[in-house]
J.: 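Quick one: the structure is below, and I'll ask about it shortly.
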Amino acid sequence: MLDASLPTDWRRPDPGNTLYMDLEGGRVVIELAPDFAPAHVANIRTLAKQGFWDGLTIYRAQDNFVVQFGDLVDEGGTPKPTGAAKTALPAEFARPAEGLAFHALPDRDGWAPETGFAAGFPAARDPAAGQAWMAHCYGTLGAGRDTAPDSSTGAELYVVIGQAPRQLDRNITQVGRVLQGMELLSVLLRGTGPLGFHEDAALRTPIRSVRLASEVPAGERTALEVLRTDTPLFDAVVESRRNRRDGWYLQPAGHIDLCNITVPVRAAK
């Protein structure tokens, strides 16, 4: 099906909203979501331009949940300066549904009145409340926060590596998703401390750098194309997964969960 796709069925992520997290094992490519969290994305872009995460670590790996990275300040340590980045942001748990092109799925969802895709991201919508929000699916990038809803700045980030924790929807600001490199994050050694934190600093995963793709020379960029989620081809891909018909599947499911839909990504042609 994808072999017969047209160039117009694909899109190239905006380099100004794409992060490269370079680890010893390779590169993780992350697409940011300014349509859902504009203030956080702007702050993350500022932090990346300043090299904030360079030399920091992935310090948490909780089994079937998340990996988290940023500036984990040990007892007596000094926080890394955030430079020109803002130190206070509003919570961006949801946004107005109006003005957001929403491509709905045909099946019911246990977490929201409607689910689908918007701006290429898995999302949910409540027409009665006039709200839309990103869904916590595998590969989602979120901004860690404290108890106060507005306590996140984007300096501490996490990626979902387990079963979709949809109970977090509208409780944490979500800022993007991983397009490539999840295998580098999902296999990290699990932390043995509370909530999967690595108590031994030597077991944390060093981050070589986190940069905006637009700040990287063209020859060093990872050129990717993402299948558009607002096309008849994408609808056909979803239907083929809702009702698998091949020699192995004896009983088509007739239903699909939002987070079971993986948006195809390929090397740019």
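Count residues from 1 along the sequence.
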J.: Under 3.5 Å, side chain of Arg266 to main-chain N/O of Val226, donor-acceptor pair present?
T.: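 Side chain of Arg266 to backbone of Val226: no pair is present.
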J.: Looking only at heavy atoms, what is the nearest atom pair of Ser186 and Tyr138, with distance?
T.: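 The pair with the smallest heavy-atom distance is CB-OH, 3.6 Å.
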J.: State yes or no: do Val41 and Phe36 share one hydrophobic cluster built from I, L, V, M, F, W and Y residues joined by side-chain heavy-atom distances below 4.5 Å, directly or via other members?
T.: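 No, Val41 does not connect to Phe36 through the hydrophobic network.
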J.: When you look at Asp109 and Arg166, which way does the salt bridge (charged side-chain N to carboxylate O under 4.0 Å, His left out) test go after all the steps?
T.: CA-CA 11 Å; Asp109 181 74; Arg166 295 286 303 282; 3.1 Å; yes
J.: Heavy-atom count check: over 12 atoms from other residues, nucleotides or ligands less than 6.0 Å from Glu239 CD?
T.: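 For Glu239, atom CD is crowded (more than 12 foreign heavy atoms under 6.0 Å).
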J.: So do Glu199 and Pro194 actually touch side chain to side chain, heavy atoms under 4.5 Å?
T.: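 Yes; the side chains approach each other to less than 4.5 Å.
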J.: Determine, using the 4.5 Å side-chain heavy-atom cutoff (strictly less than), whether Val175 and Leu47 are members of one ILVMFWY cluster.
T.: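 The answer is yes; both residues are in one hydrophobic cluster.
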J.: Under the side chain to side chain contact (heavy atoms under 4.5 Å, CB included) rule, what do Gln68 and Leu157 come out as? Steps first, then yes or no, please.
T.: CA-CA 6 Å; Gln68 188 165 334; Leu157 297 168; over 6 Å; no
J.: State the NZ-CG distance between Lys80 and Asp71, to the nearest 0.5 angstrom.
T.: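 Answer rounded to 0.5 Å: 7.5 Å.
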J.: Quick one: do Leu32 and Val29 end up in the same hydrophobic cluster if we chain Ile, Leu, Val, Met, Phe, Trp and Tyr together by side-chain heavy atoms under 4.5 Å apart?
T.: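 Unlinked, Leu32 and Val29 end up in two clusters.
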J.: Say you draw a straight line from CZ of Arg11 to CG of Asp230; how long is it, rounded to the nearest 0.5 Å?
T.: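 So the CZ of Arg11 and the CG of Asp230 are separated by 9.0 Å.
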J.: Please check if atom CD in Glu24 has more than 12 non-hydrogen atoms from other residues, nucleotides or ligands closer than 6.0 Å.
T.: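 No, because the 6.0 Å sphere around CD of Glu24 holds 12 heavy atoms or fewer from other groups.
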J.: Do Trp53 and Tyr59 belong to the same hydrophobic cluster, where Ile, Leu, Val, Met, Phe, Trp and Tyr are linked whenever their side-chain heavy atoms lie under 4.5 Å apart, directly or via other members?
T.: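 Cluster IDs for Trp53 and Tyr59 differ.
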J.: Distance check, rounded to the nearest 0.5 Å: Leu72 atom CG versus Leu56 atom CG?
T.: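 Between atom CG of Leu72 and atom CG of Leu56 there are 9.5 Å.
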J.: Please round to the nearest 0.5 Å and tell me the distance separating atom OG of Ser5 and atom NZ of Lys269.
T.: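 Interatomic distance, Ser5 OG to Lys269 NZ, rounded to 0.5 Å: 6.0 Å.
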J.: Please say whether the positively charged group of Arg228, taken as NZ for Lys or CZ for Arg, lies over the ring of Phe234, i.e. under 6.0 angstrom from the six-membered ring centre and within 45 degrees of the axis.
T.: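 The answer is no; the distance or angle limit is not met.
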J.: With a 4.5 Å limit on heavy-atom distance, are the side chains of Pro264 and Trp10 in contact?
T.: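 Touching, per the 4.5 Å side-chain cut-off.
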J.: Do Glu114 and Pro127 make a side-chain contact, defined as non-hydrogen atoms from C-beta onward lying under 4.5 Å apart?
T.: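 Glu114 vs Pro127: side chains touch.
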J.: When you look at Phe69 and Ile207, which way does the side chain to side chain contact (heavy atoms under 4.5 Å, CB included) test go after all the steps?
T.: CA-CA 9 Å; Phe69 60 95; Ile207 298 172; 3.8 Å; yes
J.: Taking all non-hydrogen atoms of both residues into account, name the closest pair between Ala112 and Ala124 and its distance.
T.: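 Taking Ala112 first and Ala124 second, the nearest heavy atoms are CB-CB, 3.5 Å.
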J.: Is it the case that the side chains of Asp14 and Asn17 hold a donor-acceptor pair, with the cut-off being a distance below 3.5 Å and no angle test?
T.: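 Looking only at side-chain atoms, Asp14 and Asn17 do form a donor-acceptor pair, the distance falling under 3.5 Å.
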J.: Could you pull out the closest heavy-atom pair between Val28 and Gly181, with the gap in Å?
T.: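 That would be CG2-O, 3.8 Å.
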J.: With the threshold set at 4.0 Å, does a side-chain nitrogen-carboxylate oxygen contact exist between Asp107 and Arg242?
T.: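 Here Asp107 pairs with Arg242 in a salt bridge, since their nearest N and O are under 4.0 Å apart.
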J.: Would you tell me whether Tyr158 and Gln62 have side-chain atoms, one donor and one acceptor, within less than 3.5 Å of each other?
T.: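 No - no donor-acceptor pair under 3.5 Å links their side chains.
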J.: Could you tell me whether the side chain of Thr140 reaches within less than 4.5 Å of the side chain of Phe121, counting heavy atoms only?
T.: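 Side chain of Phe121 against side chain of Thr140, heavy atoms only: no contact under 4.5 Å found.
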J.: So, Glu156 side chain and Ala143 main chain: donor-acceptor pair closer than 3.5 Å or not?
T.: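 Not a single qualifying donor-acceptor pair exists.
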J.: Please check if the side chain of Asp126 supplies one atom and the backbone of Ala132 the other of a donor-acceptor pair under 3.5 Å.
T.: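 Flag not set: sc Asp126 to bb Ala132 has no pair under 3.5 Å.
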J.: In Å, rounded to the nearest 0.5 Å, how long is the span from CG of Leu23 to CD1 of Ile58?
T.: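 Going from the CG atom of Leu23 to the CD1 atom of Ile58 covers 5.0 Å.
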J.: Starting at OG1 of Thr46, measure out to CZ of Phe52 and round the result to the nearest 0.5 Å.
T.: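 If I round to the nearest 0.5 Å, the distance is 12.5 Å.
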J.: Decide whether Thr222 and Arg27 meet the rule of one side-chain donor and one side-chain acceptor closer than 3.5 Å.
T.: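 Judged by distance alone, the side chains do pair up.
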J.: Given 3.5 Å as the limit, does a donor-acceptor pair link the side chain of Arg95 with the main chain of Glu98, or not?
T.: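 A pair under 3.5 Å: yes.
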J.: Is it true that atom CZ of Arg108 has more than 12 heavy atoms of other residues, nucleotides or ligands lying nearer than 6.0 Å?
T.: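 12 or below, so no.
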J.: Side chains of Asp169 and His136 only: does a donor on one sit below 3.5 Å from an acceptor on the other?
T.: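 Yes.
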J.: Please assess Arg145 against Asp150 for the test salt bridge (charged side-chain N to carboxylate O under 4.0 Å, His left out), listing each intermediate value before the final yes or no.
T.: CA-CA 8 Å; Arg145 72 171 178 90; Asp150 60 352; over 6 Å; no
J.: Is the shortest side-chain heavy-atom distance between Val237 and Asp235 below 4.5 Å?
T.: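 Result no, sub-4.5 Å side-chain heavy-atom pair not found.
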J.: Carefully, step by step, assess Glu31 and Arg177 under the rule salt bridge (charged side-chain N to carboxylate O under 4.0 Å, His left out).
T.: CA-CA 6 Å; Glu31 183 175 27; Arg177 61 159 181 174; 3.8 Å; yes
J.: Considering only heavy atoms from C-beta outward, does the side chain of Met182 approach that of Ile161 to under 4.5 Å?
T.: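 Met182 reaches Ile161 side chain to side chain.
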J.: Under 4.5 Å between any side-chain heavy atoms of Leu141 and Val178, yes or no?
T.: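 Not in contact.
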J.: According to a hydrophobic-cluster definition based on side-chain heavy atoms being under 4.5 Å apart (Ile, Leu, Val, Met, Phe, Trp, Tyr only), do Leu184 and Met21 belong together?
T.: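 Yes, it is one cluster - the side chains of Leu184 and Met21 are joined through contacts under 4.5 Å.
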J.: Do the side chain of His198 and the main chain of Leu189 share a donor and acceptor less than 3.5 angstrom apart?
T.: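 Answer holds: yes.
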J.: Take a 6.0 Å sphere around CD of Gln167 and say whether it holds more than 12 heavy atoms from other residues, nucleotides or ligands.
T.: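 Yes, the 6.0 Å shell around CD holds more than 12 heavy atoms from other groups.
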J.: Please step through side chain to side chain contact (heavy atoms under 4.5 Å, CB included) for the pair Phe65 and Leu168, ending with a clear verdict.
T.: CA-CA 11 Å; Phe65 195 38; Leu168 297 179; 3.9 Å; yes
J.: Do Lys86 and Thr153 have side-chain heavy atoms sitting under 4.5 Å apart?
T.: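 SC-SC contact between Lys86 and Thr153 ruled out.
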